[in-house]
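Contents: one structure, followed by commentary.
The sequence lines fix the lettering, A, B, ..., with proteins before strands; numbering per chain opens at 1.
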Amino acid sequence: MPESSSISLNPRVRFAPSPTGFLHVGSARTFIFNWLYARHNHGTVILRLDDTDVERNTQASVESIFEGLKWLNLGWDEVYKQSERIELHRKTAWAIFEKGLAYRDFTPAHAGEAEKSGAQGTWLFNPGAREMPRQESDRRAATGEPFALRFRVPRELGQMVRFIDAVYGEQIKAADDIEDFALLRSDAMPTYHLASCADDADLHISQIIRGQDHLTNTFKHVLIFEAAGFVPPQFAHLPLLVAPDGTKLSKRRHGPVVSVTTYRDAGFLPEAFINFLCLLGWSPKNDRENMSLRELRDAFSLEGINRSNAVVNFKEPAATAEEMFDPKAVWLNSEQIRGLAVEDLSARLLPIVRGAGFDISAEKMLRITPLIRERIKLLNDVLTAADFFLVKDLAPYHPAELIPQKGDAAMALKVLTKARQVLATVEFKHDPLDHALRAAAQEMGLKAGQMFQPIRVAVCGRKNAPPLFETLEVLGKDTVLRRIEDAAQKI
RNA sequence: GGCGCUAUCGUCUAGGGGUUAGGACGGAAGAUUCUCAAUCUUCAAACCCGGGUUCGAUUCCCGGUAGCGCUACCA
């Protein structure tokens, strides 16, 4: 079989972040799509740090990117750093130069920037450099005069550059509209375009899946691949993730919602977060939304990717943690929390509860978990949903809370007194508690709700809480009786 | 300015020459339960504008508009 079919069977994809900040949600989605594509097709995922911009790269950023990726928990197969591959990039650039497809430009950096950035259409090249005879170029280089190496875009013959994008279809651009971009800077460091293409070729990348902001750059990349004698890989560009105001997500403008670790720290399940990101710009086309990683992997294909930008629908000034995130992300998270086995959920909740300073056993956490599972949307909600299980003494609440519907303080006190009697002797299991308390209500001529509310407030400190009998059971007789007594004092 | 990409409910999307334009989130109302949550039911909510092609366009083509991207010796 021809080589192309083996490529399509075992694709090699790469995720190539540049370490100039934390892991951005848009980058995370690009990584996820690459991962899904590779895993769906039994391919290889390559992580490549595109760190050729020495000025802006930081070690802190490298670490925070790894931190974000680690939380996503998807993994990869090979890792590379571009900064360790610079010789390869240079070799590629000079090979292009030797073919006459690049030239030295001795124009000082940033010279004539004013003309470039504005008025008269596209800047194409610096005058005098492109046409400079090779001998003169060599001579000036030999004297140590600094230069950038530029690609000689073949625009003489009205040539068209073209490629097929797996998402956007056939793309064609006139070479006339492409400027002589740099390959090497005057400090001999490779530019992004060069380094990226040289590495993609060397690493045998078969599919480049990346953000749509690179769509127009791709014409330059096709030119580089061809000039260096490589067959360009397949391209698939992803629609961008934007803020509710339509602008691209940025830390400065939009704050922590654009950072992956913010989701982690707020109590998202990584699988729910991945699920959410997948639904932005991609659809399985069968109305499925809540999907496991396995289902996503099985369903994923480039054909399902959209072409228009997707809004991450967060609220700019958020009152609560939950409010700052896209409601769909929160919903998916709560759905997936409910889908987790109690043991699994409990194990994820435990470090959060302990981290908040509560000394709680795994066994107790396991008993609390089913009672709050349907009541939390983010893992961190455990702290507010299960507070009364965790604290020794309840936070102060208003005594009026104890008064039942259509009742008064006297009724509340009566209920509490009766409850204390009944509960002192009954076995603390769901059914006996149920029978005893309902019998007591009937005896006093009260509705079940009128009986239960004062007790619930007494033991939970609020009206809204999990079902009463299960709660009493987990809390235990001692705590329950003590809290009922305290409540009775308040009236 | 030049070049490119995009346009379906508030948001994510399905669909496609003839449909009551489908689903989901969010919102509203109701049912259910010891409260809350969950669950269930119901409701409101969209094809950017103009021209063409056609018996018929939201769908195809062109133009406009808007948004976004690229236009660096950033990536």
Sugar-phosphate only, base, or nothing, as touched by A/H237 at under 4.0 Å among non-hydrogen atoms: nothing
Indicate whether OP1 or OP2 belonging to B/rC74 is found under 4.0 Å from a side-chain N or O atom of A/R185. yes
For A/L240 and B/rC70, give me the distance from atom CG to atom P, rounded to whole Å. 8 Å
Check whether any side-chain heavy atom of A/V415 sits under 4.5 Å from a side-chain heavy atom of A/Q453, and report yes or no. no
B/rG10 versus B/rA72 - spacing of their P atoms, nearest Å: 38 Å
Write down the distance separating the C1' atoms in B/rU13 and B/rA7, rounded off to the nearest Å. 14 Å
Using atom P in both nucleotides, what's the gap between B/rU59 and B/rG52 to the nearest angstrom? 14 Å
Counting only side-chain nitrogens and oxygens, does A/R307 get under 4.0 Å of the OP1 or OP2 atom of B/rC68? no
If you compare every side-chain N and O of A/R288 against the phosphate oxygens of B/rA24 (OP1, OP2), does one of them come in below 4.0 Å? no
Got a donor-acceptor pair under 3.5 Å from the side chain of A/T216 to the base of B/rC70? no
With P as the reference atom in both, quote the distance from B/rC9 to B/rC47 in angstrom, rounded to an integer. 7 Å
Phosphate oxygens OP1/OP2 of B/rG67: is one of them under 4.0 Å from a side-chain N or O of A/T247? no
Distance between C1' atoms of B/rU33 and B/rA38 (Å, rounded): 10 Å
hbond_proxy A/K285 side chain to B/rA14 base (donor-acceptor, 3.5 Å cutoff): no
Got a donor-acceptor pair under 3.5 Å from the side chain of A/D213 to the base of B/rA75? no
Could you tell me how far apart A/Y103 (OH) and B/rC73 (P) are, to the nearest whole angstrom? 10 Å
When you compare B/rG18 with B/rU11, how far apart are their C1' atoms, in angstrom units rounded to a whole number? 30 Å
Is the ring pair A/W282/A/F33 parallel, tilted or perpendicular, if the boundaries are 30 and 60 degrees? perpendicular
Parallel, tilted or perpendicular: rings of A/H237 and A/F235 (30°, 60°): parallel
Using a cut-off of less than 4.0 Å, is there contact between a side-chain N or O of A/R375 and OP1 or OP2 of B/rA38? no
A/F181 six-ring centre to A/R150 NZ/CZ under 6.0 Å and within 45° of normal: no
Inter-nucleotide P distance (B/rU32, B/rA14), Å rounded: 38 Å
In whole angstrom, give me the gap between the C1' atoms of B/rU8 and B/rA57. 14 Å
Residue A/W123, side-chain atoms from C-beta onward, closest of B/rC5, B/rA72, B/rC74: B/rA72
Look at the side chain of A/D287 and the base of B/rG22, then say whether one donor and one acceptor between them are separated by less than 3.5 Å. yes
Looking at A/N306, does any N or O in its side chain come under 4.0 Å of the phosphate oxygens OP1/OP2 on B/rA14? yes
